[in-house]
2 protein chains.
Amino acid sequence: MAAVESRDNQVVAAAPLLAELADIVGAAHVLSDPDLVAGYVTDWTGQWRGAAAAVVRPGDADEVAAVLAACHRAGWPVVPQGGNTGLVGGSIPMEGEILLSTTRLDQVETVDPVGRTIAAGAGVTVARAQAAARAHGLDFGVDLASRESATLGGIVATNAGGIRVVKHGDTRRQVVGVEAVLADGRVLTRWKHLAKDNVGYDLPGLLTGSEGTLAVITRVLMRLVVPATETQVALVGVLDVGSALTLLDRLERAGRTLEAAELMTADGIALVRAVHGLRAPLSEDTEFVLLVEVSGGTLAEVLAEAPDLVIDAVVEPGPARRLWEYREAHTESISAESATPPLKLDISTPVGELASFLLGLDADLAALDPAPRAITFGHLGEGNMHVNLLDVPDDRREELTDLVLARVAAHGGSISAEHGVGRAKAQWIGLSRTEIDIDVMRSVRAALDPAKLLNPAILPS
Amino acid sequence: MAAVESRDNQVVAAAPLLAELADIVGAAHVLSDPDLVAGYVTDWTGQWRGAAAAVVRPGDADEVAAVLAACHRAGWPVVPQGGNTGLVGGSIPMEGEILLSTTRLDQVETVDPVGRTIAAGAGVTVARAQAAARAHGLDFGVDLASRESATLGGIVATNAGGIRVVKHGDTRRQVVGVEAVLADGRVLTRWKHLAKDNVGYDLPGLLTGSEGTLAVITRVLMRLVVPATETQVALVGVLDVGSALTLLDRLERAGRTLEAAELMTADGIALVRAVHGLRAPLSEDTEFVLLVEVSGGTLAEVLAEAPDLVIDAVVEPGPARRLWEYREAHTESISAESATPPLKLDISTPVGELASFLLGLDADLAALDPAPRAITFGHLGEGNMHVNLLDVPDDRREELTDLVLARVAAHGGSISAEHGVGRAKAQWIGLSRTEIDIDVMRSVRAALDPAKLLNPAILPS
């Protein structure tokens, strides 16, 4: 990248490249007006802001390839962006990269109901993929709150999680094929409608979760799933995390398939009730509330046989939106309640460590003065908790992140269970990965993008 | 590698390295007596033979690291080998590499029934992992005929498939963590007991299926699964492949979980009946016989509602070994019947293409003079068929492989659904992968092993 010292100098330096890019994608799709660019260079949490030399919006894979080839010749770095719904600042440029938006790659190409796949452009949203699948009596294996904006390219690039991982696995597990453009403009195509294809390295899996550092994903081929015929949903009041985990184990051993398993706390339930004016879900208040959705049999029977675990429970046939609302209202309620953008930490621990992690974290936070308010909830089946700290002033964010992630590391956990590293967690990567591991990642990156033009500020640098 | 022109010269050239290796692992674990080496340098199909400077059997990961560091300093290539049950010659040295056997890394370290993982040395067999899991009321997600010999390191290195992929996914899906030694002796450790850990590139997934070309796997951490409570097994006579696929779809849409779904042909059933003296499984002979195992409900009801698909069926509660025998006896019966080692082609097509692929292949083979005898069976759920050609003389193997794999490619299939590329499929890799894809694989390999010392004859070279 041509060193840029000021916005004005940068505009001058970028001008020849932007002219070339306008020739490729059309002038209407090279945005440099600060008003138009603003929405792309700020993430939706409001936490991450940057600046881009321009936003470029190619309309097909050939244009993406030409854009990347041009940037490669110019030595100009590029940050790919999908729906801009990431939570770690991974698609926000720092200070003058080209922002390559994939949102115009928005064609749902085919749904194959026999092979159970969907082929689509990287800019297709999760909600559109879900709708396309459902039109064939199938479903898409990933669901998450940002479904209306999050793109397939984005969830693949970040290996997104969500509420169905316990049933269907993560996004990587859904990827059958990809088309992606390398930093130098070459197009990598691994595109076979095959459930098994064991020829060489798993490059689609490698690109999945690479956060825009290895290639720009332009098309995806993803598996579809058969939806459960009948589901049941329960909110279950339990004394502790161990009881919730034991209950999940008993359900599975009784032949039930877990469709979702979400843990909430008394504090979280109280908050969403206050913000949304909801009634108490259970007749007794309990320290933890488990939302569990199953198929393959009834819930009531197994719950009735577990008086040692279940303090109180309510069961409804799926989709049971009334019960799900307590869980789904968490994110919005936390944002509404917090005077500053909530500090969101997306961690996992071994499931057997989760109870002691939460107790330890409570003690760590209580020892602070002032003690921050924490609301924790998440995907119990995978030991993945979203720790949200409210009302955190800017000057305490790093200190508090340090504290939570050190506690995570002490329990053998991950600094990011599903959101990715991005800019938010970059400085803590050493808590989750060894030096040799980071070094191997660097080598792989250098093999695919020797000039380090793709999302240069992200991942091991 | 020091160029070697004859066995004698090679022994002389290798002597200093072998002395160093004997210091590391003990002289008893460096085998160079041809009688002792023979079992390692011939694969069990009898199709692949080679020669090794020596077989080295390290006893722990530190010894593996020291062995690889020594070979790296000497510039001597290394072929890793697990249980030597591969079907594509991928762990058979060519002409004088060091064969590194992982079979002494045979400790089952821990089974965690809460987190549902097993931690074990790479040399632990699949059967031992299964037994360890079952002692906790759990199971291992991979099962295959070679379970008593195949090692965990081997199934990870080859991303093995087997009969449970339709339920649990392939081996890659079971890998939670790995410890692996790089070509230069550095130890890469990704070892977290986590169901979700989204920090950086999926290096365990990259090593899975890399066929010993990127690192030597020394320990694995793999997920365990909850076994189905009650299963039912049916043999179903059907008219054609489409009927079998439609039946699987109806079973899934009726809420049944597929535990296995195997397709056989009338020719295959006739063969195993003749070799094993089995009765006809069904009262009517049909062109295809589907073996299906389900959980989550009965089979009889769904079969009864499908008179358009089911010509005849027999149902038994699982494990139903009597019904499974028709499927499991295939491999052995084919070997017994064929005058030469059967030519085994392990292919997949899109499931919607499978019927036309099989018809096309029949026509291709019938047009030859003499027409080879073919027995085809396999994992219907994934479109993965094992095409076995019997009585093929050595001088026709390449021509027939060409013919079958060209037919596979014409239907958008894979030249290897689960066995891997190895030596057997190396020359056909271009039928399954693009030039750019192969080039990216080469770059990744060069990043991890610049001197190309690990399994140099395998994968893109």
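Numbers restart at 1 for each chain; the letters A, B, ... are given by sequence-line order, proteins then strands.
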Tell me, side chain or backbone of A:Val226 under 4.5 Å from chain B's heavy atoms, or both, or neither?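 For A:Val226, side-chain heavy atoms alone lie under 4.5 Å from chain B.
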Select one option (side chain, backbone, both, neither) describing which atoms of A:Ala417 are under 4.5 Å from chain B's heavy atoms.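 Both parts, heavy atoms under 4.5 Å.
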In terms of heavy-atom proximity below 4.5 Å to chain A, should [X] be classed as side chain, backbone, both, or neither?
| X | value |
| --- | --- |
| B:Leu431 | backbone |
| B:Leu182 | side chain |
| B:Thr158 | backbone |
| B:Ser348 | both |
| B:Val166 | neither |

Out of [options], which one racks up the most heavy-atom pairs below 4.5 Å with chain B?
| options | answer |
| --- | --- |
| A:Asp437, A:Asn384, A:Asp346 | A:Asp437 |
| A:Asp112, A:Asp170, A:Thr229 | A:Thr229 |
| A:Val114, A:Val351, A:Leu188 | A:Leu188 |
| A:Arg253, A:His193, A:Glu211 | A:Arg253 |
| A:Thr434, A:Leu245, A:Asp249 | A:Asp249 |
| A:Glu382, A:Arg173, A:Glu252, A:Arg433 | A:Arg433 |

Rounded distance [0.5 Å steps], CZ in A:Arg164 versus CG in A:Asp139: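 Answer rounded to 0.5 Å: 8.0 Å.
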Distance, nearest 0.5 Å, that separates CD of A:Gln174 from CZ of A:Arg223: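 Between atom CD of A:Gln174 and atom CZ of A:Arg223 there are 4.5 Å.
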Non-hydrogen atoms of [X] and [Y] that approach each other most closely:
| X | Y | result |
| --- | --- | --- |
| A:Ala65 | A:Gly185 | CB-O, 3.5 Å |
| B:Leu454 | B:Arg445 | O-NH2, 2.9 Å |
| B:Ala426 | B:Gly422 | CB-O, 3.7 Å |
| A:Ala160 | A:Leu144 | CB-CD1, 4.0 Å |
| A:Ala119 | A:Leu221 | CB-CD1, 3.9 Å |
| A:Ala355 | A:Val241 | CB-CB, 3.9 Å |

What residue in [options] has the most heavy-atom pairs under 4.5 Å with chain A?
| options | result |
| --- | --- |
| B:Gly420, B:Gly169, B:Gly255, B:Ser416 | B:Ser416 |
| B:Ala446, B:Gly161, B:Ser432, B:Gly209 | B:Ser432 |
| B:Pro350, B:Ala195, B:Ser443 | B:Pro350 |
| B:Arg186, B:Lys425, B:Glu230, B:Arg256 | B:Arg186 |
| B:Leu214, B:Leu138, B:Thr213, B:Thr208 | B:Leu214 |
| B:Gly352, B:Gly381, B:Gly413, B:Pro227 | B:Gly413 |

Main chain of B:Ile458, side chain of B:Asn455: is a donor-acceptor contact present, judged purely on distance under 3.5 Å?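 No, the answer is negative, given that no donor and acceptor are paired below the 3.5 Å cut-off.
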Residues forming a side-chain contact (heavy atoms from CB on, under 4.5 Å) with A:Ala180, sequence neighbours excluded: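 A:Ala180 satisfies side-chain contact (heavy atoms from CB on, under 4.5 Å) with A:Leu207, A:Ala215, A:Ile217 once adjacent residues are dropped.
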A:Phe357 and A:His411 aromatic ring geometry - parallel, tilted or perpendicular at 30°/60° bounds: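 Perpendicular: the ring planes of A:His411 and A:Phe357 meet at over 60°.
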Residue pair A:Glu418 / A:His379, side-chain donor-acceptor N/O under 3.5 Å: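 Their side chains do contain a donor-acceptor pair, which is all the 3.5 Å distance test asks for.
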